[in-house]
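These numbers come from the heavy atoms of this one structure, side chains and all, not from hydrogens, waters or symmetry mates. Lettering follows sequence order; numbering is per chain, from 1.
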There are 2 protein chains.
Amino acid sequence: MLGETGPGRVRHVKGATIRDVARRARVSHQTVSRVINGRESVTAETRDRVVRAIRELEYVPSAVARSLSSQRTHTLGMVTTDVSDHFFAEAVAGAEAEARKRGYFLIIGSIEEGSEDDERTYLRLMLERRVEGLIVAVPRLRLAEDDLLADAVARIPTVLVASDIDLAGADHVDIDNRRGGHEATAYLAAQNHRFIATITGPLDWPSARARLDGYRDALRDAGISADRSLVEPCVDWGLDSGRRAAERLLESAPRLTAIFAQSDLLALGAIAALRGRGMRVPEDVSVVGFDDIPVSSVFDPPLTTVRQPMREVGELAARLIGDRASSPRKTKGARHMLRAPLVIRGSVARLDGSARR
Amino acid sequence: MLGETGPGRVRHVKGATIRDVARRARVSHQTVSRVINGRESVTAETRDRVVRAIRELEYVPSAVARSLSSQRTHTLGMVTTDVSDHFFAEAVAGAEAEARKRGYFLIIGSIEEGSEDDERTYLRLMLERRVEGLIVAVPRLRLAEDDLLADAVARIPTVLVASDIDLAGADHVDIDNRRGGHEATAYLAAQNHRFIATITGPLDWPSARARLDGYRDALRDAGISADRSLVEPCVDWGLDSGRRAAERLLESAPRLTAIFAQSDLLALGAIAALRGRGMRVPEDVSVVGFDDIPVSSVFDPPLTTVRQPMREVGELAARLIGDRASSPRKTKGARHMLRAPLVIRGSVARLDGSARR
DNA sequence: GGGCCGGATGTGACCGGTAACATAGCCCTA
DNA sequence: TAGGGCTATGTTACCGGTCACATCCGGCCC
C-alpha cells in the first residue's frame, strides 16, 4: 500500500479521496458520491465495486469538503460559562443530546471565570466555522450593546439562555426564577415564618435578581414587610459564600427563623454555619435552597429546594434552533420560561403561632 | 445592500467571500488573504482599503474553506460518557481550556447511558470532520477489538482516558485508582479498623476494579485476611446504590466498623442508610469516599475521601495531543497516572484497641 | 424500426479559501 | 546603467466534495 502521493510531498498518511476510490472502482467520482450518500440509481454491482474500493482504501469522506460544497455544516455552537459548573454541564448535555438527535454536532466554548473578552472570541470563531445555530448560555453576558452578538443573531438562529439581554430576533430560554423564588418564600411564609432571610447569588446574574424579586413578591403577598437587613448578597454561588452570608445574617438579624438561599451550595454552606453556632436545622432555622443538586436529597436534613430543569433548558434551546432552521424564519424571538418546581423535603419546619420569636 | 448573488438563486444572506472583498478593495483576493492572516508585505494603504471593505461587507472568513485548503482543522474531538456526570464535565472543562490555549476547538460527543453503538458513530463522525486529535473518555469502552478505534489511532493522535484498553500508539491518561484505593483502605487500617467493607462501583469499569485491587492490597499489607462478604458491588455510582449496598452489608457483615465507598455519592448514600439504622458516623462506622465532589466538605460529617483531579486529567489529555501534533510522532503511547490524594476530614474515627467489636 | 423515455453513469464547474509561482517596480551596487 | 535582490501584488492551481447537466443505452410504443 504505497502512497501514491506523488514525488516529494510526503504528507502523513495521505488519506484517500473520492477520486482515488473512483479510480480503483473504475467509475466516476460522482458515482462514488452517489454510493456514499445512498442515492438510488446505482446498480447493485457497481455499488459493490465502490464499497469494496472504499474499504480497501480505508476511505473516510471529508466533512470539511462536504460542508464547503453543500454550504451546510450540521454544527451548532454553544458558548457557556465554565462547564465544570454542574448547572451548565447539564444544559450542555441536554443540548448535545437534542442536537445529535437532529443530526447536528455541538462545538462548545466554555468560558473560564476571569478571562477577558472570551465570549467575543468564541462568537467570532463560531461564526467563522459557520455554525448553523448558536446557544449562548452566559448569564453575565456583557455583550448587550455589542455588534458581534447582534451580527450573529442576524446571520443564524440564536438562543440566549438565562440572559436578560433583550435581542429582537433571538429566542430566549430561561428558568422562571421569579416564580421559583416566590414559591420557595411563599412556602416558608405558609409555614408561619415571618422573619425570612435570603442569601442571594451575585446580583449581576439576572437569575439572582429574579429570585430576589420573587422573594419580595411573596413577602408582600403574605403581608410581611421587607427588611433590608434580611437580604444578604454573595459574590458567588459557592459553599463558603453561603457560610459567610449566614454568619453575617446571624449578626444583623438574629430573629430570623428561615433562610431562602438562592443555590443549594449556598444553602448547605449556611446550614454548616448555623450548626457551627449550635443551631439546629430545621428546628431552630428552616432553610430552602435552589437547584436540586444530586446530593440535596441525602443531606441531613434532606434539603427542601427548587428544582432547576437545566437539562431541559439545553434540550429546548437546541430544539428551537432546529425548528428555526427547518421552518421559515419567524420574525421575532420568543421568551420561553421553564418552571422550577419546589421540592419539599426536610429542611423546613412549621412554626406554630406561639413559637414565633 | 442588494444581494449580488446573481439571478434566481436567493440564498439567505449570502455572505461575502474573499473575492467580493477583493473586488471592492480593488485588489486581488490573495492580497485580502494576506491581510486576513496578518502577513507582512502589504502596504499600509492597501491594508486600509481591504480592512474597510471587510467591514463594509461584514465579511467573516470561512473556517471551512480554510480547513479544506490548508488541511488543518484546529479541532480536537472528545468522546465522553454523559457530561452531566460531574466527573466527566470536569475533564471536558479541563480539556477545553487546554485545547483553546493551544488554538484548538473542542467538539464533544457525550454518550448517553443505554444508547447502542454511539461511540462508533461518534468516532466515525469525528474522523470525517478531520479532528486533529481525539480524546476518548469512555471507561466502559467496548471497542477493544474494534477496527474503528485502531483506525483512529493510526490516523491521529489519540488519548484514552480512564480506559484499560491497551492500544499501542495511543496515549493513556488515568487516575491512579489502585493507589487511591490503597490509601483509603490503609488509612482505615491505620485507625485500627479490621472489619473494613467496601462498596464498589460497577465492576465493568476499570476504575472500580483498580480501586478494589487497591483495597485488597491494603488489607494484605495490614495483615487482614480478605472476606468476600465485605465486598459489595453496585450497578452504578449513585446515592441509591450506596444506600442499598450499605443495607446489604449490614445484613451480611454486621461486625463491620468501616466502609470504603468507591464514590462520594455511594458514601453519602451509605451514610444515609447507616443513620436510618440508628448508627452514627463516624462513631459507630467510619466511612471513606472517592471523588471529592464539592459538597463533601460541608457534609455532616465532612467526608474523608480520595480526591480525583479530573480537570487535570482533561488538561493533560489535551496537552499530550498538542505535543504529539507538533513534535515528531513518538512510536509508542505512554501511560500517565495522576495521583489521587486522600483528603482527611471527619468521617473516620480512630478505633482504640479495646473497642473492637 | 425510428423516436422517446428513463435509469445509470460521466463531465465540468463551483464552494472559498491557501500555496506556489510569476510579475512588476524600486533601490542599490558595481 | 545593467543586473541583482527585495517588496508588493497578481495569477493559477488545488483542497475534496456536490450540483447541474450531458451522455449513453436498453426497452417500449406505434
Side-chain angles (χ1 to χ4, degrees), chain A residues 4-9 11-50 53-54 57-74 127-130, chain B residues 4-9 11-12 14-50 53-54 57-74 127-130 132:
Chain A
E4 303 173 320
T5 322
R9 184 77 59 90
R11 186 82 47 73
H12 299 298
V13 186
K14 177 69 176 156
T17 77
I18 205 172
R19 283 165 232 265
D20 297 329
V21 174
R23 206 172 308 130
R24 179 158 197 129
R26 325 198 106 258
V27 295
S28 75
H29 67 273
Q30 185 56 238
T31 298
V32 177
S33 172
R34 290 189 182 102
V35 171
I36 293 171
N37 295 293
R39 297 240 197 291
E40 317 278 288
S41 79
V42 178
T43 315
E45 194 245 318
T46 309
R47 182 186 310 276
D48 274 3
R49 278 217 314 286
V50 171
I54 286 176
L57 294 174
E58 299 186 319
Y59 166 73
V60 177
S62 161
V64 177
R66 181 176 289 156
S67 290
L68 178 58
S69 164
S70 66
Q71 303 286 60
R72 301 237 18 211
T73 58
H74 293 280
L127 252 30
E128 291 191 358
R129 299 217 161 200
R130 300 293 191 262
Chain B
E4 303 173 321
T5 323
R9 181 78 60 87
R11 183 80 52 69
H12 299 298
K14 176 66 175 158
T17 75
I18 205 172
R19 284 165 231 264
D20 298 330
V21 174
R23 207 172 308 131
R24 180 160 195 126
R26 326 197 107 260
V27 296
S28 74
H29 67 274
Q30 186 57 237
T31 298
V32 176
S33 172
R34 290 189 182 105
V35 171
I36 293 170
N37 295 293
R39 297 239 197 291
E40 319 277 288
S41 80
V42 177
T43 315
E45 194 245 319
T46 309
R47 182 186 311 275
D48 273 4
R49 278 218 313 286
V50 172
I54 286 177
L57 293 174
E58 299 185 320
Y59 167 74
V60 178
S62 161
V64 177
R66 182 177 289 157
S67 290
L68 179 58
S69 165
S70 66
Q71 303 285 59
R72 299 234 23 207
T73 58
H74 294 282
L127 251 31
E128 290 191 358
R129 300 218 160 199
R130 300 293 192 263
E132 295 182 21

Could you tell me how far apart [X] ([atom1]) and [N] ([atom2]) are, to the nearest whole angstrom?
| X | N | atom1 | atom2 | value |
| --- | --- | --- | --- | --- |
| Glu128(B) | dT18(D) | CD | P | 10 Å |
| His74(A) | dG17(D) | NE2 | P | 15 Å |
| Arg72(A) | dG16(D) | CZ | P | 23 Å |
| Gln30(B) | dA8(D) | CD | C1' | 12 Å |
| Ile18(A) | dC19(D) | CD1 | P | 11 Å |
| Asn37(A) | dG16(D) | CG | P | 17 Å |
| Ile54(B) | dG17(C) | CD1 | P | 10 Å |

I'd like to know if the side chain of [X] and the backbone of [Y] have a donor-acceptor N/O pair within less than 3.5 Å.
| X | Y | result |
| --- | --- | --- |
| Asp20(B) | Thr17(B) | yes |
| Ser67(B) | Val64(A) | no |
| Glu132(B) | Thr73(B) | yes |

Has [X] got a side-chain N or O lying under 4.0 Å from the OP1 or OP2 atom of [N]?
| X | N | value |
| --- | --- | --- |
| Ser33(B) | dG17(C) | no |
| Thr43(B) | dT9(D) | yes |
| Thr46(A) | dT9(C) | yes |
| Ser28(B) | dG10(D) | yes |
| Gln71(B) | dG16(D) | yes |
| Arg39(B) | dA19(C) | yes |

Heavy-atom distance under 4.5 Å between the side chains of [X] and [Y], does that happen here?
| X | Y | result |
| --- | --- | --- |
| Val27(A) | Arg34(A) | no |
| Arg72(B) | Arg66(B) | no |
| Ile18(A) | Pro61(A) | no |

Review point. If you look at every strand shown and take non-hydrogen atoms under 4.0 Å, does Val27(A) touch a base, only sugar-phosphate, or nothing?
Key: sugar-phosphate

Let's test your reading of the model: under 3.5 Å, does the base of [N] pair with the side chain of [X] as donor and acceptor?
| X | N | value |
| --- | --- | --- |
| Arg19(B) | dG17(C) | yes |
| Ser41(A) | dG7(C) | no |
| His29(B) | dT18(C) | yes |
| Thr17(A) | dG16(D) | no |

Study note, to complete from the structure: Tightest non-hydrogen contact, residues Val50(A) and Val21(A), listed as O-CG1, 4.1 Å

Check your understanding: Under the salt bridge (Lys or Arg N to Asp or Glu O under 4.0 Å) rule, what pairs show up with a residue in residues 24-33 of chain B, not counting sequence neighbours?
Key -> Arg24(B)-Glu56(B)

Review point. Of the candidate nucleotides dG10(C), dG17(C), dT18(D), which contains the atom at the shortest distance from the side chain of Thr31(A)?
Key: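 The closest nucleotide is dG10(C).
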
Review point. Picking from dG17(D), dG16(C), dT18(D), which would you name as closest to the side chain of Ser62(A)?
Key: dG17(D)

Study note, to complete from the structure: Expected string for nucleotides 21-27 of chain C under the B/S/- scheme (protein heavy atoms, under 4.0 Å, primed atoms plus P, OP1, OP2 as sugar-phosphate) is -------

